[in-house]
**Q** 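Just passing along the structure, written as structure tokens.
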Amino acid sequence: MKRFKFDTWGYHICIHGFGCWGDLDAALSLFKEMKEQSSVSGSSSIGPDICTFNSLIHVLCLVGRAKDALIVWDELKASGHEPDNSTYRILIQGCCKSYRMDDAMRIFGEMQYNGFVPDTILYNSLLDGTLKARKVTEACQLFENMVQEGVRASCWTYNILIDGLFRNGRAEAGFTLFCYLKKKGQFVDAITFSIVVLQLCREGKLEGAVKLVEEMETRGFSVDLVTISSLLIGFHKQGRWDWKEKLMKHVREGNLVPNVLRWNAGVEASLKRPQSKDKDYTPMFPSKGSFLDIMSMVGSEEDVARAEEVTPIEDDPWSSSPYMDHLAEQSNRPKPLFALARGQRVEAKPDSFDIDMMNTFLSIYLSKGDLSLACKLFEIFNEMGVTDLTSYTYNSMMSSFVKKGYFKTARGVVDQMGENFCEADIATYNVIIQGLGKMGRADLASTVLDRLTKQGGYLDIVMYNTLINAVGKANRLDEATQLFDHMKSNGINPDVVSYNTMIEVNSKAGKLKEAYKYLRMMLDANCLPNHVTDTILDYLGKEMEKSRFKKASFVRNKPNNDSSSSPS
DNA sequence: ATAGGGTTAG
């Protein structure tokens with residue numbers, strides 16, 4: 001087929017466009033064509049420049065292949081291209097989003113060394129990545145550097161910091177920072193309030209949360225659906241549905257709350273109709289036979305084989321990046337499991353019946369354990385012909401089914417997700433792994449990890465914790481330990497959930513010394529224990545007591561035996 | 001170009 005040929009500018013625009021769209025294949029095939037054109041025409045007027053490579057590096061990062069992007073980057077530098085500000089920004093943000101903070105910081109250093117001046121947004125990305133990797137100390141250091149270098153902090157900066165402090169077990173510091181900023185009347189916006197409201201809800205301090213929402217209104221910030229969602233879910237978790245009216249009184253501005261409540265009433269009315277109950281305990285994935293079934297979701301065997309197979313790279317001394325050429329030549333690239341971006345979020349449209357409201361109520365029914373209500377809600381949406389549900393919807397549904405052991409239903413949700421071309425995100429996979437663990441298929445869980453790392457994908461802290469829990473509960477302690485170390489060496493610090501899980505699975509397996517080791521490690525790492533730690537330590541304490549008693553009676557019965565290996 | 005709701009431990 002003959003087609004109009006682009007000039008450099010045309011190729012450039014298209015590669016950039018496809019890249020922003022996340023279409024790696026389209027971008028790469030245009031890149032290939034561009035190279036062919038430049039060699040055929042022999043003219044130097046067509047050829048990839050640094051901007052082309054920026055676009056390609058960008059799309060590689062977007063589809064979750066930061067590893068590949070880094071290889072291209074190394075080759076590019078060696079080939080004598082001059083990276084510009086965009087190259088650095090694209091790479092650093094790609095690394096931050098996939099929690100490769102070591103790479104991000106290394107490139108950040110190079111950038112400064114080469115005389116580029118980082119701006120507020122770049123610092124914000126670095127701060128966010130550092131805090132999501134649970135590295136509080138490093139984040140504080142980074143913030144100090146930012147201030148010292150005279151880079152102005154913005155609202156975003158403080159929102160990232162406050163949220164990060166909350167998530168890193170430094171709630172007090174988060175509140176202090178919030179109050180300080182509020183007093184100064186600076187750097188506080190609607191998102192700041194929303195972050196703090198969510199934290200109060202998490203801590204069960206609903207009274208304070210509602211007060212804050214009221215204050216938010218008085219200060220002229222509009223209370224959006226995200227904030228209302230946090231509150232409603234909080235109310236429901238504590239069985240305080242009567243607080244809806246309170247909310248109504250507090251949030252006068254706009255008609256969001258009345259809309260939400262009216263919508264709720266409407267849904268609850270339709271829910272009164274009889275519903276189909278198709279629950280069973282069939283495994284989400286057939287436990288007999290091959291792994292093919294799950295693997296078809298996680299990428300086919302051939303994909304992985306292809307990814308592992310090393311195609312010889314033709315030696316082209318003029319190529320800026322042989323690796324990029326190699327990627328462009330690959331006919332069937334393995335499909336990445338999930339892209340960098342999380343599942344899409346729908347904008348809140350207060351005047352319409354929209355998916356966000358559906359999601360809010362879905363969360364509420366699910367958090368209450370009202371699976372049948374949630375199912376019915378799902379049915380209603382199907383009847384209405386709404387097909388563009390977000391992965392948020394599917395993830396919530398699936399998670400609840402998995403928790404209750406309704407694996408077949410969960411499988412149905414996954415299937416429907418595929419039919420509707422709804423992209424799975426990292427949370428989807430977290431839920432799938434949780435399901436595998438609950439089904440006693442921890443072996444499959446580690447296969448998923450293998451596949452993910454081989455395809456150059458990334459894991460977040462929730463996925464590590466989910467995996468550790470799955471293999472730990474299956475008594476595969478070695479694998480749990482391996483995962484724990486894998487997480488650390490990949491630049492993500494274990495958090496309170498990781499430590500609690502390690503302490504728990506080791507105690508349950510009778511490895512009391514090991515359990516104690518993780519407790520020490522947790523305290524040494526400055527990770528503050530929480531109420532869950534208390535419960536687990538209670539159990540550990542009793543077990544240690546028992547073992548001491550056993551040992552003592554053993555010594556009593558055999559006084560000649562020297563017990564030099566008593567635990568501290 | 002950067003931040004907040006869903007997914008992890010008892």
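The basis for the numbers below is simple: all heavy atoms, side chains too, and nothing from hydrogens, waters or symmetry mates. The chains referred to below are lettered A, B, ... by the order of the sequence lines, with proteins before strands, and numbering in each begins at 1.
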**Q** Using the test ring pair (Phe, Tyr, Trp, His ring centres under 6.0 Å), find all partners of A/Tyr88 that sit at least two apart in sequence or belong to another chain.
**A**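 Listed in chain order: A/Trp73, A/Phe116.
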**Q** Indicate, yes or no, whether a donor-acceptor pair under 3.5 Å links the base of B/dG4 to the side chain of A/Asp224.
**A** yes
**Q** At under 4.0 Å between heavy atoms, what does A/Lys508 touch on the DNA or RNA strands: base, sugar-phosphate, or nothing?
**A**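 Nothing, no heavy atom under 4.0 Å.
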**Q** Out of B/dA3, B/dG10, B/dT7, which has the shortest distance to the side chain of A/Val462?
**A** B/dT7
**Q** Does NZ or CZ of A/Lys132 come closer than 6.0 Å to the centre of the six-membered ring of A/Tyr99, within 45° of the ring's axis?
**A**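 Output no; distance or angle outside limits.
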**Q** Looking only at the side chain of A/Thr501 (C-beta and beyond, no hydrogens), which of the listed nucleotides B/dG5, B/dA3, B/dA9 gets closest?
**A**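 My answer, after comparing the listed nucleotides, is B/dA9.
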**Q** Looking across every strand, which nucleic acid part, if any, lies under 4.0 Å from A/Asp534 by heavy atom: base, sugar-phosphate, or nothing?
**A**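 Answer is nothing: A/Asp534 stays at 4.0 Å or more from every strand.
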**Q** Salt bridge or not between A/Glu214 and A/Lys211? Use side-chain N to carboxylate O under 4.0 Å.
**A**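 The answer is no: the pair does not qualify as a salt bridge.
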**Q** Can you name the residues that form a side-chain hydrogen bond (donor to acceptor under 3.5 Å, both in side chains) with A/Lys182, not counting sequence neighbours?
**A**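 If we apply the side-chain hydrogen bond (donor to acceptor under 3.5 Å, both in side chains) test to A/Lys182, skipping adjacent residues, the hits are A/Glu215.
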**Q** Any side-chain heavy-atom pair from A/Glu504 and A/Val532 closer than 4.5 angstrom?
**A** no
**Q** I need the minimum non-hydrogen distance between A/Asn500 and A/Ile536, along with the two atoms involved.
**A**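 The answer is O-CD1, 3.5 Å.
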**Q** A/Val532 has a side chain; which of B/dG4, B/dG10, B/dT8 sits nearest to it?
**A**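 Shortest atom-to-atom distance from the side chain points to B/dG10.
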**Q** Taking the side chain of A/Lys97 as heavy atoms from C-beta outward, which of B/dA9, B/dT8, B/dA3 is closest to it?
**A**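 Shortest atom-to-atom distance from the side chain points to B/dA3.
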**Q** Go through residues 184-193 of chain A and report each residue with a non-hydrogen atom lying under 4.0 Å from DNA chain B, sorted by number.
**A** A/Asp189, A/Ile191
**Q** With sugar-phosphate meaning primed atoms plus P, OP1 and OP2, does A/Arg167 contact a base, only sugar-phosphate, or nothing at under 4.0 Å between heavy atoms?
**A** sugar-phosphate
**Q** Output the single nucleotide from B/dA3, B/dG10, B/dT8 whose closest atom is nearest the side chain of A/Glu504.
**A**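 Nearest to the side chain of A/Glu504 among the choices is B/dG10.
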**Q** Need one value for A/Ser194: base, sugar-phosphate or nothing, where a base atom within 4.0 Å counts as base even if backbone is also close, heavy atoms only.
**A** base
